[in-house]
Trainee: 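Supplied in structure tokens, the structure appears directly below.
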Amino acid sequence: MTVALLQNNEQNFQYILENYKEICYNVENAKTKYQNGSDVRIMAVTKTVEPEKINFAVAQGIKLLGENRVQEFLSKKEQYDPSAEVHFIGHLQTNKVKYIINDVSLIQSVDSLKLACEINRLAMKNGKKMNVLIEVNVGNELSKSGVGYGDCVSLIKDISLLENVSVKGLMAIPPIGCGEDEFERMHELFENIKAMNINGTDMQTLSMGMSGDYELAIKHGSNLVRIGTKLFGARKYFGG
Ligand SMILES: *Cc1c(COP(=O)(O)O)cnc(C)c1O
């Protein structure tokens with residue numbers, strides 16, 4: 001890429017920097033107000049976004065990327081700034097784990113023992129331990145993946161027995177416009193499971209909050225917010 005083109009891109013991408021600054025400002029305020037300033041990570045959700053824009057965001061300081069779709073990730077990952085850490089956050093079919101196991105540091109969307117067992121098998125084969133979050137369907141929505149709220153503890157107990165999988169916390173996508181109750185239910189579940197000190201688990205992360213509700217999520221204990229639209233602008237096509 002020529003210098004002229006690079007500069008041109010950087011000018012076109014200034015809005016991403018402006019958006020990022022605004023998100024940082026809001027996150028800082030929410031942290032101070034609700035969490036005594038404890039750490040909250042900002043993830044850039046990259047679905048449908050071109051690698052140049054993603055790398056621009058990484059250069060501005062976002063070090064965590066969230067990928068939704070295996071196929072799209074495979075087509076883009078070679079172009080990503082290698083300093084960025086990648087989590088998988090989308091629905092993951094058991095037969096696709098093999099494509100991502102060596103390219104992500106954590107899978108946020110584990111919602112069944114079957115999926116966890118396949119992650120465990122491939123992690124073992126690759127001589128690693130895979131970090132995961134358990135996705136909870138907190139709104140009990142038929143259309144959404146995630147383990148049912150009431151089944152979460154027993155799933156975590158089962159997964160905690162797998163040698164090469166490490167449960168690091170919970171992830172949720174509360175229903176749009178659901179109000180605060182669902183967020184608080186997730187917070188309670190997270191704190192309860194943390195207090196259980198289940199062997200082989202380390203409940204560090206509560207991943208919830210997206211463009212429309214990240215401050216509300218921080219109010220209810222989230223320490224990882226996943227931002228797409230508010231950072232990169234509206235997506236070209238709709239999808240989860
Ligand atoms: C798309 C997506 C996001 C980001 O959504 P925005 O509203 O664009 O910020 C966060 N989490 C998951 C799991 C997603 O699929």
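Just so it is clear, the values below take in all heavy atoms, side chains as well, and ignore hydrogens, waters and symmetry mates. Whatever order the structure lists ligands and atoms in, that order sets their numbers, starting from 1. Bear in mind that the values here come from a model prediction, so they are computed numbers and not experimental data.
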Trainee: Would Glu72 and Lys77 pass as an ion pair if we require N to O under 4.0 Å?
Mentor: no
Trainee: Should Glu188 and Arg185 count as an ion pair when the cut-off is N to O under 4.0 Å?
Mentor: no
Trainee: Heavy atoms only: which of Ile227, Ile89, Val45 lies closest to atom 12 (C) of ligand 1?
Mentor: Ile89
Trainee: Among Glu135, His87, Gln108, exactly one meets side chain to side chain donor-acceptor pair (under 3.5 Å) together with Ser207. Which residue is that?
Mentor: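 When side chain to side chain donor-acceptor pair (under 3.5 Å) is applied between Ser207 and each of Glu135, His87, Gln108, only Gln108 qualifies.
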Trainee: At less than 4.0 angstrom from any non-hydrogen atom of Ser211, what atoms of ligand 1 do you find?
Mentor: 6 (P), 7 (O), 8 (O), 9 (O)
Trainee: Which of the atoms of ligand 1 are close to Arg226, meaning less than 4.0 Å from one of its heavy atoms?
Mentor: 4 (C), 9 (O), 10 (C), 11 (N), 12 (C), 13 (C)
Trainee: Give the atom numbers and elements of ligand 1 that come within less than 4.0 Å of a heavy atom of Ile173.
Mentor: 13 (C)
Trainee: Regarding Asn36 and Ser38, do their side chains bring together a donor and an acceptor under 3.5 Å, going by distance alone?
Mentor: no
Trainee: Looking at every heavy atom in both Met130 and Ser105, which two are closest together, and how far apart are they?
Mentor: CE-C, 3.7 Å
Trainee: Going by the closest heavy atom to atom 10 (C) of ligand 1, which one wins out of Lys230, Met171, Met210?
Mentor: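 Looking at heavy atoms only, Met210 sits closest to atom 10 (C) of ligand 1.
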Trainee: Examine ligand 1 and decide if any of its atoms is less than 4.0 Å from a heavy atom belonging to Met43.
Mentor: no
Trainee: I'd like to check which ligand 1 atoms, numbered from 1 as shown, lie under 4.0 Å from a non-hydrogen atom of Thr229.
Mentor: 6 (P), 7 (O), 8 (O), 9 (O)
Trainee: Do Gln93 and Lys96 pair up side chain to side chain, a donor and an acceptor below 3.5 Å, judged on atom types alone?
Mentor: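 Yes, Lys96 and Gln93 have a side-chain donor paired with an acceptor closer than 3.5 Å.
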Trainee: Is Lys47 close enough to touch ligand 1? Criterion: a residue heavy atom under 4.0 Å from a ligand atom.
Mentor: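 A heavy atom of Lys47 does come that close to ligand 1.
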